There are 2 protein chains.
Amino acid sequence: MMIPGSDKVDELIAHMAPGALAALENISVTRTFAKGSFLLRQDETARKSYHILDGIARRYYLDGDREITTAFFFADDLALAFDSYILQRPGREFVQCITEVTASVTDYQAFEAAKQKYPDLLRFDLLLTELYAVWLEERLFEFHTCNAEQRYRTLLDKDPHIVLQVPLKYIASYLGISLETLSRIRARI
Amino acid sequence: MMIPGSDKVDELIAHMAPGALAALENISVTRTFAKGSFLLRQDETARKSYHILDGIARRYYLDGDREITTAFFFADDLALAFDSYILQRPGREFVQCITEVTASVTDYQAFEAAKQKYPDLLRFDLLLTELYAVWLEERLFEFHTCNAEQRYRTLLDKDPHIVLQVPLKYIASYLGISLETLSRIRARI
DNA sequence: AACAATATTTGACCTGGATCAAATATTATA
DNA sequence: TATAATATTTGATCCAGGTCAAATATTGTT
């Protein structure tokens, strides 16, 4: 989930109205989740967002009995089943901790209320959503223009921490490649 | 660009502060563009958004000499090279009118200023961006889980107006299918 | 209507990457 | 350190959908 232009986020935070950030912190609690535990399961409605402080999580859904990973979340990322959270209705995605995870947990309703009070939080939310959409566009672009090896090389180049810290089986479906083909790509690189 | 939960947009607009919508209209001008003309070209920075009132536009980029269409815009859609607009830097995408197009054109800077003044416009922008991200997620989902025929059937089912009004060559790359394969799919359905 | 340009279909052939199956590593646990 | 469980690699085979080429429709223009 490394995102281009992330420095814009820091800049926006730095210029927030005094109360805004405090309000966000007031409605958030830091919690720790065991490795393998689920922050959200299929068919549930995402009522919390998880700002990862430490550890790694992944998001996936089932295509038949096959798990398709759609995102990895590292420190500072916002772990979320986006569509379920936005539409506040049950979704298809799971969010699971790959390692033990510590996260700042914020309730949807409470954040909505805070945004009503502090337009800066609204701006903050907008910027994060914009960057997420840009990231999604980039992902679609790669699937349309790059073959399996190029997609793996790009991941290696732009997100080496994923390749270094996440089991290959998760990376394969994230790249839209079978486990076997990804293994062969690695062998010949 | 048909988006789930679009009724939320109407609801939000209905409850806007009095001045907000008027402010948006004040910074917008309605213009007409000839069929085939470009609202944006590759390597330009998108400094305007185009709220389509009538006609059809498409967005695409070049992969070598091959055009990859990434969106179609019909009446009420917001025609935009999203990443270029958001990051305010040159992008790879073209936005071209497939028919004569009438659109309400809004300047990026002017809209940013209006959002500073009217938080309701901020909310409006956020909602549109959220729905766009959900739409992108859905598109990625389809590419991961559906074969060529299923993707075409889904388009036919969810966006029949596209299939009815847009040349096949544009639809093919939009679905990530070669023109020939799409033609064969249509023949056997 | 006749011609040119553009769009769509059809045919033949090929390949990237999937699937199925089995062999090795690697890691975790008693 | 064994043993089980999990992860990764390697081999053999197959096919959805791509590419190249050519035949038809269809549409626009004089």
Side-chain angles (χ1 to χ4, degrees), chain A residues 34-37 55-56 58 60 62-69 72 96-100 139-156 160-189, chain B residues 34-37 55-56 58 60 62-69 72 96-100 139-156 160-189:
Chain A
K35 171 176 176 171
S37 62
I56 310 172
R58 75 178 177 117
Y60 70 95
L62 295 175
D63 178 31
D65 57 354
R66 188 163 194 71
E67 295 181 356
I68 310 284
T69 295
F72 296 108
Q96 185 181 28
C97 302
I98 292 182
T99 65
E100 181 177 274
R139 219 166 126 68
L140 271 164
F141 172 76
E142 275 178 29
F143 277 109
H144 277 300
T145 58
C146 302
N147 63 23
E149 177 171 336
Q150 290 168 329
R151 296 202 298 277
Y152 177 68
R153 282 184 185 278
T154 301
L155 187 72
L156 210 53
H161 55 292
I162 293 179
V163 182
L164 293 172
Q165 297 179 62
V166 171
L168 216 58
K169 58 174 178 174
Y170 298 150
I171 296 176
S173 69
Y174 178 72
L175 291 174
I177 309 175
S178 74
L179 185 57
E180 296 90 333
T181 295
L182 180 54
S183 177
R184 279 180 251 265
I185 287 170
R186 285 157 61 92
R188 73 167 178 253
I189 275 186
Chain B
K35 171 176 177 172
S37 63
I56 310 172
R58 74 177 177 118
Y60 70 95
L62 296 175
D63 178 32
D65 56 354
R66 187 163 195 70
E67 296 181 355
I68 309 283
T69 295
F72 297 108
Q96 185 181 28
C97 301
I98 292 182
T99 65
E100 180 176 274
R139 220 167 124 69
L140 271 163
F141 172 76
E142 274 178 29
F143 277 109
H144 277 301
T145 59
C146 301
N147 63 24
E149 177 171 337
Q150 291 168 330
R151 296 203 297 277
Y152 177 69
R153 282 184 184 279
T154 300
L155 187 72
L156 211 51
H161 55 291
I162 293 179
V163 181
L164 292 173
Q165 298 179 63
V166 171
L168 215 58
K169 57 174 178 173
Y170 298 149
I171 296 176
S173 69
Y174 178 72
L175 291 174
I177 308 174
S178 75
L179 186 58
E180 295 91 333
T181 295
L182 180 54
S183 177
R184 278 181 251 265
I185 287 170
R186 284 157 61 93
R188 72 168 178 254
I189 275 186

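From a predicted model like this one, the values you see are computed outputs, not experimental measurements. First the proteins, then the strands, lettered A, B, ... as listed; each starts at 1.
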Going by the rule side chain to side chain contact (heavy atoms under 4.5 Å, CB included), which residues pair with Leu62(A) if we only count those two or more places apart in sequence or in a different chain?
Gln42(A), Tyr60(A), Glu67(A), Phe94(A)
Minimum heavy-atom separation for Tyr174(A) to Phe143(A), with atom names?
O-CZ, 3.7 Å
List the atom of Ile171(B), the atom of Val166(B), and the distance in Å for their closest heavy-atom pair.
CD1-O, 3.5 Å
Atom-to-atom span, CD1 of Ile171(B) to C1' of dT8(C) - whole angstrom
12 Å
Integer-rounded Å distance: dT10(D) C1' and Arg186(A) CZ
15 Å
Donor-acceptor pairs under 3.5 Å, side chain of residues 181-189 of chain B to any protein atom, not counting sequence neighbours: which ones?
from	atom 1	to	atom 2	distance (Å)
Thr181(B)	OG1	Ser178(B)	OG	3.1
Arg186(B)	NH1	Tyr152(B)	OH	3.0
Arg188(B)	NE	Glu149(B)	OE1	3.1
Arg188(B)	NH2	Glu149(B)	OE1	3.1

Note: Gln150(B) and Thr145(B) closest approach over all heavy atoms is OE1-O, 3.9 Å
Nearest-Å distance, CG (Leu164(B)) to C1' (dA7(C))?
17 Å
Glu67(B) CD to dT6(C) C1': how many Å, rounded?
14 Å
Distance check needed: dA16(D) P versus Gln150(B) CD, whole Å only.
12 Å
Phe143(B) CZ to dG17(D) P, in whole Å, measures 12 Å
Indicate for each nucleotide in nucleotides 14-30 of chain C, in 5' to 3' sequence, whether protein heavy atoms under 4.0 Å reach the base (B), only the sugar-phosphate (S), or nothing (-).
---SBBBB---------
Can you see which heavy atom on Glu142(A) is nearest to which on Thr154(A), and at what distance?
OE2-CG2, 3.4 Å
